[in-house]
Structure formats: C-alpha cells, structure tokens
2 protein chains.
Amino acid sequence: MSTTRRGRRPGSPDTRAAILAEARTLFASAGYAGTSVRAVAAAAGVDAALVHHYFGTKDDLFLAALQAPIDPRQVFAPVAEGGIDGAGERLLRTFLSVWDDETTRLPLLTMVRSVFDPERQPLVRDGYMRVVLGPIGTALGVEDVELRMSLVGSQLMGIVLARYVVQVEPLASASHDQLVAAYAPTLQRYLDGVLG
Amino acid sequence: MSTTRRGRRPGSPDTRAAILAEARTLFASAGYAGTSVRAVAAAAGVDAALVHHYFGTKDDLFLAALQAPIDPRQVFAPVAEGGIDGAGERLLRTFLSVWDDETTRLPLLTMVRSVFDPERQPLVRDGYMRVVLGPIGTALGVEDVELRMSLVGSQLMGIVLARYVVQVEPLASASHDQLVAAYAPTLQRYLDGVLG
DNA sequence: GCGACAATTCATCACGTGGTGAATAATCTC
DNA sequence: GAGATTATTCACCACGTGATGAATTGTCGC
C-alpha cells in the first residue's frame, strides 16, 4: 500500500480476521521464531501496529492462532465409543481426516513444530499426549495405558512428520485406505496386542 | 571475561574445539534460528568475532557442527548383512545405540529439528531417508522398497520425537530391550510383513 | 453537523543479530 | 632478538525485531 495514509479504511474490512488467518498460515509454515509480526501484517495487508492493536504481544497472537476451530477431543470421541476392536483403524482414520483438513491442520502443524521449542514444548506433551490421546486410551480400557498410548503417539507423530511435514513419497500422496492398510495393524497391536 | 584485553591468550587453549562443541550443543537444543553466534561464543568463553575467524559465517558453523564423528552408513551396514530375518530388531538396536550416544546424538538432533526449516529440510529427506535408510532396504532385498522404508522411517522418526525430543514417559526411560519388544515387530512387518 | 469512538498508519524506540576491521598479545622461525 | 604469523578482543556497522504513542480517517449516535 504505497499510497496509504493514516486513518481508518472505508467500509467494513475484517482486518482482524485477515491478520489471524495469515498468522495461522505463517506460524504453521515458519514457526514462532521464523514468523515476524511485520510478516504477518504484510501478508494481511496492514501495518504491524494493527497486529499489536488487536492481539497485543506476539505471544498473544500465537496463542490466538493456536485456537483450533474445533475441539480435538470432540473429534476423537467416536473412536472411544466403538470399543477396543478396530480402534486402531478408527483412530487412524479420524487422525487422517483431521490432518487432511487444512482448517485444522494449520494449528496442529504449529503445535507439532513446537516440540523443538523448549518454551512451547509442553504444548505437545500436555496438549496432544495427555489431553487428546490419554483420555482415548482410558475410555477404551487400554491396559498399561501410559505405555501403550505413548507407543501409539510415537507412530502418529512419525506419520505427521513423514506425510505432512517432510512429505516423503509414497506416503505423502497415499490414500487413507492405503495408510490404514499399512498402519492400522501397528496401532491395534500397540493398543491391545502382544508387546513382548 | 570482564578483565579481558585484546590479543592472543597464553598457552595452547583449543578454543576452536570449544566453539565447535558448544555449537553442537546449542544447535541441537535451540536449532539454527534459536542459536546466535554470540551465544555460542559466550558458551565457549570467547568473543563472537573469533567464531567468524575460525568458521566464517553462521551457516558454515552450522555445517561444521553437523559433521558427525562417524558415518551413519557404516554404523548401519551390519544391519543389512544379517538378511531380512530379524532385520527389524537389528535396525532398531543400532538406531537406539546411535541415539543414546551423546556424541552422535547432537548432530542428529540438529538434523531432525531441521524438518521444520524449509531451507534445511532436505537434510532429513535426502540425508536420512535416501542416504541412510534407502540403501539398507535395498541391501536387504526389501520389496516395494520405497514404501516399506518410508513406513520404517516414519516409526523411527516417531521414536526420536517421543523418546529423545519430547521425552514422553515411559518411553524416555525404557531400556533397549523394552523398546525392542514393543517396536521390533512393527519394523519387521514394515520390512517384510503383510501390509494389507 | 458535531463529538465520541474505533480503526489505521507513521514515526520512533531499545535491543539483538550476523558480520567486518583494526589493535593487541603470544608464538614461531630465522 | 626481530619480524612474521596467528589468535583474540574491542569497536563498530546495517539491519530487523517487538513494541509504543501520536496523528489521521471513517463510522455512529444524538
């Protein structure tokens, strides 16, 4: 906006929403440290001061961007209702559907990349492993629930990295059925199979 | 060093090695972006200009820190020599021994955290998946080698995140035998088992 | 139409970053 | 012992960062 003057723009542009959407995209692709407030502002077509006006500090913006449009615990609830048989497949299909939907994927990507950020790492351990996966295992009546759900979580995280982050072929372009065929037996064994 | 003067220090302090060691530690724990040249210098007890003197740019320092003391391909070679039977377990034990040795773990951690860095992501795809895992699959005569080795890679990456990065219990403190009992059957099925 | 309020940009700040060059001290070679 | 070379710090640079406050513009209610 090289000809921009001070003052309010005409009409009702929802610049706040534009800022939030761009923040979600940039935090997901470049992480917290790799995303500057100015970059978010530029992508939204506003001045950086407006970002602070609406969201406060960069930390506050980050937290706002992390708010998923839906509660993951609700999404995964059906997995637990079907009982332990076939739970591996149901869990995986639900997981894939969440990750293949861009609306939910961006905040999730942001959270996952936080595993390497000492200040934000609790997001993954407490948010994903404890709040999302833990209750599923408990509801399914999984034995040795902490061990088994952490095995499950390790494979799911591996899938995220391979398919969604590094985009290794042929995993990146595999269909849900193909992934289920390969991974569901693994998840099922981790849930109720023989662990040696 | 509040009383430091200009000029060479007496004796033969190996400041270059000190800088490199600190760089390895910091890049592994804070990543490229989260590690400043001044932080490395401070940790090594020298002035930041000395880092540039010895290593050039920050990028050059990063590459130097990435040089593992040993070639991972040599470490994993025995896995391929024993044939496909039991390869899952041999691969996992070798993998764990490399990761549980701090000398090799730091550069590996640095590389793994690069999955989220667009500029350095090829390190994982090309370095780990293609150069290390790929040849193992080929040497073992694995069918559908690209698919199967990417499945293997996805679980190994998940183990890295869960055990070494997020340090989820009980995986973080599990013995190698416990991990083998849980994961080796998964890796073996990915190598030569039924994938559906 | 006027005043209050909200939205928006411009101008600025303190600080940290990667990096450069000159001054200084120690070691080595002749 | 002198000069060359190497190691080391100090001083400085340009730039980008998160953030603040004042000036300006548009909308709404009376």
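Sequence lines set the chain letters: A, B, ... in the order given, protein chains first and strands last, and positions in each chain run from 1.
Ion pairing between a basic and an acidic side chain is recognised when a charged N comes within 4.0 Å of a carboxylate O; A/Asp177 and A/Arg93 show such pairing.
Contacts between residues 52-66 of chain B and DNA chain D, defined by a heavy-atom separation under 4.0 Å, are made by B/His53, B/Tyr54.
OP1 and OP2 of C/dA7 both lie 4.0 Å or more from every side-chain N or O belonging to A/Arg6. Residue A/Ser36 places none of its side-chain N or O atoms closer than 4.0 Å to OP1 or OP2 of D/dG16. Close to D/dT8, at under 4.0 Å from its OP1 or OP2, lies a side-chain N or O of B/Thr15. The side chain of A/Arg8 contributes no N or O atom lying less than 4.0 Å from OP1 or OP2 of C/dC5.
In this structure, B/Gly7 and B/Ala49 both approach DNA chain C, and ranking their closest nucleotides by distance from the 5' end singles out B/Ala49. Nearer the 5' end of DNA chain C, as judged by each residue's closest nucleotide, is the contact made by B/Val37, out of B/Ser12 and B/Val37.
Atom CG of B/Asp47 and atom C1' of C/dT24 are 13 Å apart (whole Å). Rounded to whole angstrom, the span from the CG atom of B/Leu50 across to the P atom of C/dA25 amounts to 17 Å. Separating the CZ atom of B/Arg9 from the P atom of D/dT5 is a distance of 24 Å, rounded to the nearest angstrom. The OH atom of A/Tyr32 sits 13 Å away from the P atom of D/dT17 (whole-angstrom rounding).
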- Start with the C-alpha distance between B/Asp59 and B/Thr57, add both sets of side-chain angles, then the distance that settles side chain to side chain donor-acceptor pair (under 3.5 Å), and finish with yes or no. CA-CA 5 Å; B/Asp59 260 350; B/Thr57 65; 5.3 Å; no

- Message: For B/Tyr190 and A/Thr186: C-alpha separation, side-chain torsions, deciding distance, then whether side chain to side chain donor-acceptor pair (under 3.5 Å) applies.
- Response: CA-CA 9 Å; B/Tyr190 289 164; A/Thr186 294; 2.9 Å; yes

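You'll find a donor-acceptor pair under 3.5 Å spanning the side chain of B/Arg38 and the base of C/dG18, going by distance alone.
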May I have the list of side-chain donor-acceptor pairs in residues 43-53 of chain B shorter than 3.5 Å, sequence neighbours left out?
{"unit_1": "B/Asp47", "atom_1": "OD2", "unit_2": "B/Ala49", "atom_2": "N", "d": "2.9"}
{"unit_1": "B/His52", "atom_1": "ND1", "unit_2": "B/Gly56", "atom_2": "O", "d": "3.0"}

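A/Tyr183 and B/Ser154 share a donor-acceptor pair across their side chains, judged by distance under 3.5 Å alone.
B/Phe55 and B/Tyr32 end up in the same hydrophobic cluster when Ile, Leu, Val, Met, Phe, Trp and Tyr side chains are linked at under 4.5 Å.
Atom CD of B/Glu102 sits in a sparse spot, with 12 or fewer heavy atoms from other residues, nucleotides or ligands closer than 6.0 Å.
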